[in-house]
Amino acid sequence: MNLGEYVRILVRRGWIMLLLAVITAAGAYLLTRNETPVYRASQTVLIQPSRSDFGLTEASRLLLNPLVVAINSQQIAQEIIDELQLDMTAPALKGDVTIAPDQLRLTIQIDVNSTDSELASNVARAWGLKLQDYRNERNATVRAEDRVEAVMPDFPQISQIAPRPTLTAIAGGLLGLLVGGMIVFILEVLESSIIRRRDDLERVLGVPVLATIPHIDA
């Protein structure tokens, strides 16, 4: 088909695509707007060597993954549950927490998801304090110049990660356009064998139509 055919199809059936896009976008927005909000508290812990020479800095980088393994445990989760008096199990709390190292910035990121923003913040900070305590215990056995400190430079940062009605509505609208385009394509295929115009006859026969007999009303 040439460009003119595509334009003709859009003029004739473009409303189907637009209608489905509006319906799916509005439906997605209304459904997600009423969902329970989920918040994320992010606590950054800086792993800071006592001196800035290359050897201790590289040793601190190698220390990041073992630190994550040491504090990302159900035992630590249970200690936090006991301290904050939370009504949940250690596996459930641990499942809401993500701990990841950043080798470039020498930091460990602690992310906590919860429907309660204050709870998420408290848990994230408590987990950061556990990391500090762990490093303080290790530092007590080494010389001051060889210590690697765990420092929390700020309080946890809170953000809402779900629901996001606007983004969901945009995704729903795009999906509606796609489904509408598929419906239009199917309708065009089904009607391709029906001859209504001169162009249809030329397409089916593969030869030009030289003349047509006009319709005469009786």
Side-chain angles (χ1 to χ4, degrees), residues 32-171:
T32 55
R33 187 183 62 177
N34 296 323
E35 291 181 356
T36 302
V38 178
Y39 301 93
R40 172 172 294 170
S42 298
Q43 176 68 67
T44 300
V45 181
L46 176 64
I47 305 304
Q48 183 174 302
S50 58
R51 62 180 192 274
S52 59
D53 65 86
F54 179 79
L56 188 56
T57 300
E58 286 303 304
S60 300
R61 294 186 196 280
L62 296 176
L63 190 62
L64 290 178
N65 287 326
L67 281 176
V68 171
V69 173
I71 66 167
N72 191 17
S73 66
Q74 291 190 23
Q75 178 180 345
I76 297 295
Q78 187 60 55
E79 292 177 4
I80 292 175
I81 289 173
D82 295 339
E83 291 174 3
L84 300 180
Q85 298 182 349
L86 304 179
D87 184 18
M88 61 194 312
T89 64
L93 178 59
K94 187 173 180 294
D96 292 333
V97 178
T98 302
I99 303 177
D102 185 340
Q103 301 283 349
L104 295 179
R105 296 191 302 168
L106 274 179
T107 60
I108 292 178
Q109 185 81 12
I110 303 171
D111 294 328
V112 181
N113 297 340
S114 176
T115 56
D116 186 335
S117 60
E118 183 178 357
L119 173 62
S121 178
N122 291 339
V123 171
R125 184 158 184 83
W127 223 293
L129 291 172
K130 290 295 181 183
L131 177 54
Q132 279 190 332
D133 292 341
Y134 181 84
R135 280 310 312 159
N136 289 338
E137 291 177 4
R138 298 301 180 274
N139 286 333
T141 62
V142 300
R143 296 178 302 177
E145 61 270 20
D146 294 330
R147 292 176 180 174
V148 177
E149 305 286 347
V151 180
M152 289 191 295
D154 202 353
F155 291 102
Q157 302 298 310
I158 307 293
S159 60
Q160 182 176 327
I161 60 173
R164 295 182 177 178
T166 301
L167 292 178
T168 306
I170 293 174

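Computed from a predicted model, the values in this text were never measured in an experiment.
- The two residues I161 and R164 make their nearest non-hydrogen contact at O-NE, 3.4 Å.
- Rounding to the nearest 0.5 angstrom, the gap separating the CZ atom in R51 from the CG atom in D146 is 5.0 Å.
- Between I108 and L67, the shortest heavy-atom distance links the atoms CD1-CB, 3.8 Å.
- When all heavy atoms are compared, the tightest approach of P163 to T36 is CD-O, 3.9 Å.
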Report task. Starting from the C-alpha separation in whole Å, work towards a yes-or-no answer on side chain to side chain contact (heavy atoms under 4.5 Å, CB included) for D133 and E79. Result -> CA-CA 13 Å; D133 292 341; E79 292 177 4; over 6 Å; no
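- Residues T57 and L106 have side chains in contact (heavy-atom distance under 4.5 Å, counting atoms from C-beta outward).
- Once rounded to the nearest 0.5 Å, the distance linking CD of E35 with OG1 of T168 reads 7.5 Å.
- For L104 against R61, the heavy-atom pair with the smallest separation is O-NH1, 3.7 Å.
- Residue P165 comes nearest to R33 through the heavy atom pair CG-CA, 4.0 Å, listed as atom of the first residue, atom of the second, then distance.
- Contact detail for T44 and Q109: the closest heavy-atom pair is OG1-OE1, 3.0 Å.
- The closest donor-acceptor contact from the side chain of W127 to the backbone of I80 lies at 3.5 Å or more, if one exists at all.
- N65 CG to N72 CG: the interatomic distance, rounded to the nearest 0.5 Å, is 11.5 Å.
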Query raised in the report: Checking side chain to side chain contact (heavy atoms under 4.5 Å, CB included) for the pair L56/S50: CA distance, chi angles, key distance, verdict?
Result: CA-CA 8 Å; L56 188 56; S50 58; 3.8 Å; yes
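- Annotation: the span from R40 atom CZ to T98 atom OG1 amounts to 6.5 Å, rounded to 0.5 Å.
- Interatomic distance, Q132 CD to E149 CD, rounded to the nearest 0.5 Å: 9.0 Å.
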Show me the donor-acceptor pairs, under 3.5 Å and distance only, between side chains in residues 119-126 and residues at least two apart or in other chains.
| unit_1 | atom_1 | unit_2 | atom_2 | d |
| --- | --- | --- | --- | --- |
| N122 | ND2 | E118 | O | 3.3 |

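- When side chains are defined from C-beta on, R135 counts as touching L63, because their heavy atoms get closer than 4.5 Å.
- Summarising the geometry, atom CD1 belonging to I81 is positioned 6.0 Å from atom CE belonging to M88; distances are rounded to the nearest 0.5 Å.
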